[in-house]
Structures are given as structure tokens and as C-alpha cells.
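Below is one structure, written out as C-alpha cells, with a few remarks after it.
Predicted, not measured: the structure shown is a model, and the values here were computed from it. Read the numbers this way: they start at 1 and go in the same order the structure lists the ligands and their atoms.
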Amino acid sequence: MEKRIYNFSAGPAVLPEEVLLESQKDLFALPGVGMSILEISHRSKTFDAILQETKSNIKKLLDIPDDYSILFLQGGASLQFSMVPLNLMPPKNKADYILTGSWSKKAQKEAKRVGTVNVAATTEEGEGDKKYFKRIPKQSELKLDPDAAYVHFTSNNTIYGTQWQTEPLAGNVPLVCDASSDILHKKIDVTKYGLIYAGAQKNMGPSGVTLVIIRKDLLERSQDSLHTMLSYKIHAENDSLYNTPNTFGIYIINLVAKWLLNLGGLDKMYEINKKKAQLLYDCIDGSGGFFKGHSEKDSRSLMNITFNLATEELEKKLIDEATKAGFNGLKGHRSVGGLRASIYNAFPLKGVEDLVAFMKDFQKKNG
Ligand SMILES: *Cc1c(COP(=O)(O)O)cnc(C)c1O
């Protein structure tokens, strides 16, 4: 079989090897079905069993109470930037947005088309085309409107490498979270949220399917005048089968969920994630300034580790040599530069250890 390399891509991203191998088998014929997962009807008993099992496994992993619906939609997290305000803003037509990166700004942009957006906080710094984010705001910085329809935040900022250590407190206002790049990386208290959405392709599966977890009372906000495919209520009433869902994507999410359950659940996953990130941050902090972390220490992400070297030439040299040595996808996002190591759930501890050894060796030769 073809050899696999270390994949630090920010998304679509690495998947567990066990999941890839199992899906490979099922791509010829599902056991007892004689057809592959790509070929069966979304209305078949076989697919319905997969759908129900996927929901049940996600529910188990996150302890999701019965008063939440679990949906699998399309259009990526980006369509949620529109669906959230279209469904949840009326009748108040005002919502709070906390801006911590490019994705929350994009979410805000769509919300403005629907109603009034109050920027509850922004941690953007810099001028002109040199603007950036490097931290998460403190609770005391948030200017929340107690009468807002909801509060929106982005739990992990994939591009800048910052992450909320705990979710913001929003009082009685429903909390809406874009968790695309850290969903399932640790256990969260779902009862604190009104709605959580996540594109699958970072931490959960392939691109083309988006998980939405929504408190059922919020479904009543979806107005009948909404286009059918944009209504959470319609998708919930039809158990994500109003139209043909991404059947293969849902199937892979189920395999990933089973992989997490076998591993020991999300507490165990969180332990491993902390260990992996610590190794890299220790290497950065212990380099005497050769490597410089981008984000402030109390805002650091466990999923996307962003850092710089003294010059762009040195950064390019490291990326080139790392790529040759089998470490792929380390180039930072174009808006931040430098390097970014995305080490989602499925990224192996051994890969982080090997990268750290590589970075130390690079420093010895170039420092
Ligand atoms: C990748 C990403 C998105 C965009 O996801 P699409 O599925 O491409 O629309 C949105 N939010 C966050 C936090 C992301 O990491």
C-alpha cells in the first residue's frame, strides 16, 4: 500500500487510519448489503440505520440532551453564516457577534444582511491590510445586549490559532457557536448552547456535510416564509432527509465517532490533544526566540499552532525542508504568514514528536 505522510492541513484534514481502512472495505460492498455506501438510497433501511447510529454516537460523545435536534446539512459552515440569522434573528432582528478572526467576521457579514449586528467585542489589531487577531476577549470586555436574539462566537480560530478556553457567558440569550475546527476535541456542556454548527472537514469527516446541534425550542423561530432548504425546522422535521443528504459524509462521521468512543471518549481525546499541543508550544517557547508563537499564551489553540521565524526566507526554508521530509501542509494561512501546524483529533502524537525533533534540528543548523 502507498505510504502515508504527516498531514498538517487545516482542512480538509487528516482522518484516523482505522476509519480510512474500514471505509475502503465498505466502498466495495457494505456487509450484508452487497452495495457500497456510495450506491444506496438515502431512504433505504441501511442508510437510515447509519443515520440513526451517527446521531446516537454524536449524542453519546457530547452528552446531548433529548431537547436538542442533531442535523446533517450541506453548504458548509459558510451556509450557516446565513442560516443562523435567517432562522434565529426574527422577530427581534438584532444579534451580538464576538469577532475573534476571519470566520467570525464572515459570519457577521451575512448576519448584517438580515438585521442589526452588535459587535459585542473584537480583538482585531493592526492597520490596513496588516490586520490580525491574536487573542480571545475576556468576559469583562463583552458588551452584550440582554435583549439580543442570540450571541455568536467562533470557538476555535483556525487561521490565527486562538481558541476559547471556556465559552462566553451569555445569560439567558442563546449562545450560537461556530465549532468547525474544534468540534469533538473535548467534552463541552451542550446545555449552555442554543446552537452549535461545524463543517465536518476539520475534525470529523470529509467536506460537504455540516453538523448542526440545535435546541428544539429555537426551531419555532424558523418562519414559514423562509425558503424550505434554509429552514432548520424543515430539516429537523424531516430528520435531515428533506432532500438527499451527503450520505457518504454522514457515514464517515459515524466511523469517526465510533473511533472516538473506542478511544475512550472525549475526555481521553482532550488529554491527548493537550499533550500534543503542549509538545509543540514547549518547543516554540523553549527555542530562545528562534520560533515565535503568534497567539497570546492564554488564547492558544490546541488544534492550530501558529508561529513565525525571524524572516520569511527562514520560514520558507523550514517549510521546504519539512515538506521534503514528509511533513505536509505547514504553510500558514496567507493572511497570517509563518507556519501553522493543524493537529486535529486524528493527527498522531508520533507526528508531533517527529515534527518537534525536526524543528529542533533545524534550529541547531540555522539558529
Ligand atoms: C473552515 C471553517 C469555516 C468554513 O467552512 P466551509 O465548510 O468551507 O464553509 C468556517 N468556520 C471555521 C471556524 C472554519 O474553520
Side-chain angles (χ1 to χ4, degrees), residues 7-15 71-86 97-111 113 122-124 132-137 150-165 167-168 175-186 188 193 195-213 229-230 235 240 245-246 248-250 252-253 256 273 277 294-295 299-306 329 331-336 340-347:
N7 176 8
F8 291 93
S9 167
V14 59
L15 285 166
L71 310 176
F72 299 100
L73 307 182
Q74 298 182 65
S78 298
L79 185 60
Q80 296 310 304
F81 298 165
S82 300
M83 280 182 73
V84 164
L86 285 169
Y97 276 70
I98 306 174
L99 306 185
T100 52
S102 318
W103 295 118
S104 34
K105 277 172 78 176
K106 285 189 175 167
Q108 174 212 26
K109 183 179 168 198
E110 302 308 318
R113 300 180 200 275
T122 174
T123 53
E124 190 163 44
Y132 61 93
F133 294 82
K134 61 171 186 189
R135 68 180 188 93
I136 299 298
Y150 59 88
V151 179
H152 181 281
F153 79 109
T154 311
S155 52
N156 183 72
N157 299 281
T158 327
I159 291 173
Y160 293 97
T162 60
Q163 187 175 29
W164 291 76
Q165 311 299 308
E167 54 279 282
L175 195 56
V176 173
C177 177
D178 175 358
S180 293
S181 54
D182 68 354
I183 184 87
L184 303 178
H185 90 291
K186 71 171 182 186
I188 53 168
Y193 296 79
L195 187 150
I196 300 166
Y197 63 92
Q201 71 271 24
K202 273 94 184 208
N203 217 8
M204 205 165 40
S207 58
V209 56
T210 306
L211 172 70
V212 173
I213 302 166
M229 278 296 285
L230 297 178
H235 286 297
S240 303
N246 180 343
F248 180 71
I250 294 167
I252 294 286
I253 292 177
V256 170
N273 282 330
H294 169 79
S295 48
S299 301
R300 281 175 164 176
S301 168
L302 297 183
M303 303 278 101
N304 311 95
I305 283 88
T306 46
K331 194 170 164 24
H333 190 273
R334 58 191 180 279
S335 63
V336 193
R340 169 174 57 176
S342 296
I343 49 170
Y344 300 116
N345 284 352
F347 193 89

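- The closest side-chain donor-acceptor pair between T162 and N157 falls under 3.5 angstrom.
- Y150 has its side chain within reach of V84: a pair of non-hydrogen atoms, C-beta onward, lies under 4.5 Å apart.
- For N345 against N273, the heavy-atom pair with the smallest separation is OD1-ND2, 2.8 Å.
- One distance of note links CD of Q108 with CG of L99; it measures 5.0 Å at 0.5 Å rounding.
- Checked against the 6.0 Å centroid threshold, F347 and F8 count as a close aromatic pair.
- Residue R334 holds its CZ atom at 7.5 Å from CD1 of I159, rounded to the nearest 0.5 Å.
- The protein residues lying under 4.0 angstrom from ligand 1, judged by non-hydrogen atoms, are G76, A77, S78, F81, W103, T154, N156, T158, D178, S180, S181, Q201, K202.
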